[in-house]
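Single-structure report; data block below.
All heavy atoms count here, side chains included; hydrogens, waters and symmetry mates do not.
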Amino acid sequence: QVQLVESGGGLVQPGGSLRLSCAASGSIFSINAMGWYRQTPGKQRELVVAITSGGTTNYADSVKGRFTISRDNAKNTVYLQMNSLKPEDTAVYYCNALIVQLGSTGIGHYWGQGTQVTVSS
């Protein structure tokens, strides 16, 4: 079994900052890409940013220059530093990872439980 556990969401004023964390645990052989998605009611889940095991990143245009993803491969953990937050960043943020489990040859797609980020004055 593989689990992704997120932390760090909350309420912040416009212009403020938050840092999200996501730790993967379980029977992990290797982790390929990790990333963050977000979703608001009535809308599809959208990619915020992803990072490969080699450090290549892919940011949504809406967060470029404000959000920074980083990854600690030794801890199987990915972080999302969110600065200059705007009300339109309000959403449930989901961690995502492509993982090869021990004893498996295929890549599984795993999700965290989601963490609420609310940007409001």
For the residue pair T40 and A91, what are the closest heavy atoms and their distance? CG2-CB, 3.7 Å
For the residue pair P14 and S120, what are the closest heavy atoms and their distance? CD-C, 3.6 Å
Taking all non-hydrogen atoms of both residues into account, name the closest pair between C95 and L4 and its distance. O-CD1, 3.9 Å
Pair K86 + D89, salt bridge at N-O below 4.0 Å: no
Contacts satisfying ring pair (Phe, Tyr, Trp, His ring centres under 6.0 Å) that involve residues 19-57 (not counting sequence neighbours) are Y37-W111
Can you tell me how far CG of L98 sits from OH of Y110, rounded to the nearest 0.5 angstrom? 10.0 Å
Distance-only donor-acceptor hits, side chain of residues 74-83, under 3.5 Å, sequence neighbours excluded:
| from | atom 1 | to | atom 2 | distance (Å) |
| --- | --- | --- | --- | --- |
| T77 | OG1 | K75 | O | 2.9 |
| Q81 | NE2 | N83 | OD1 | 2.9 |
| N83 | OD1 | S17 | OG | 2.9 |

Could you walk me through whether R45 and Y94 satisfy the side chain to side chain contact (heavy atoms under 4.5 Å, CB included) test, starting with their C-alpha distance in whole Å, then the side-chain angles of each, then the deciding distance to 0.1 Å, before giving a yes or no? CA-CA 9 Å; R45 195 171 294 187; Y94 294 91; 3.5 Å; yes
Going from CG on L20 to OG on S7, what distance comes out if it is rounded to the nearest 0.5 angstrom? 8.0 Å
Distance-minimising heavy-atom pair for K43 and Q39: O-NE2, 3.1 Å
So, does R71 use its side chain to make a donor-acceptor pair with the main chain of T52 at under 3.5 Å? yes
Which atom pair, heavy atoms only, marks the closest approach of C22 to M34? O-CE, 4.4 Å
So, taking the atom named CG in L11 and the one named CD in Q116, what distance separates them when rounded to the nearest 0.5 Å? 9.5 Å
Show your working on side chain to side chain contact (heavy atoms under 4.5 Å, CB included) between Y93 and V48 and close with a plain yes or no. CA-CA 9 Å; Y93 284 70; V48 176; 4.1 Å; yes
Got a second to check how far T57's OG1 is from I51's CD1, nearest 0.5 Å? 6.5 Å
Would you check, one step at a time, whether the test side chain to side chain contact (heavy atoms under 4.5 Å, CB included) holds for I28 with V2? CA-CA 7 Å; I28 297 170; V2 172; 4.1 Å; yes
Of all the heavy-atom pairs spanning E6 and G114, show the shortest one and how long it is. OE1-N, 2.5 Å
Quick one: does any side-chain atom of S53 pair with a main-chain N or O of N32 as donor and acceptor, under 3.5 Å? no
For Q44, I'd like to know if atom CD has over 12 heavy atoms of other residues, nucleotides or ligands within 6.0 Å. no
Mark yes or no for whether E46, through its side chain, and R38, through its backbone, hold a donor-acceptor pair below 3.5 Å. no
Does L85 form a side chain to side chain contact (heavy atoms under 4.5 Å, CB included) with Q13? I'd like the steps, not just the answer. CA-CA 8 Å; L85 281 161; Q13 292 187 340; over 6 Å; no
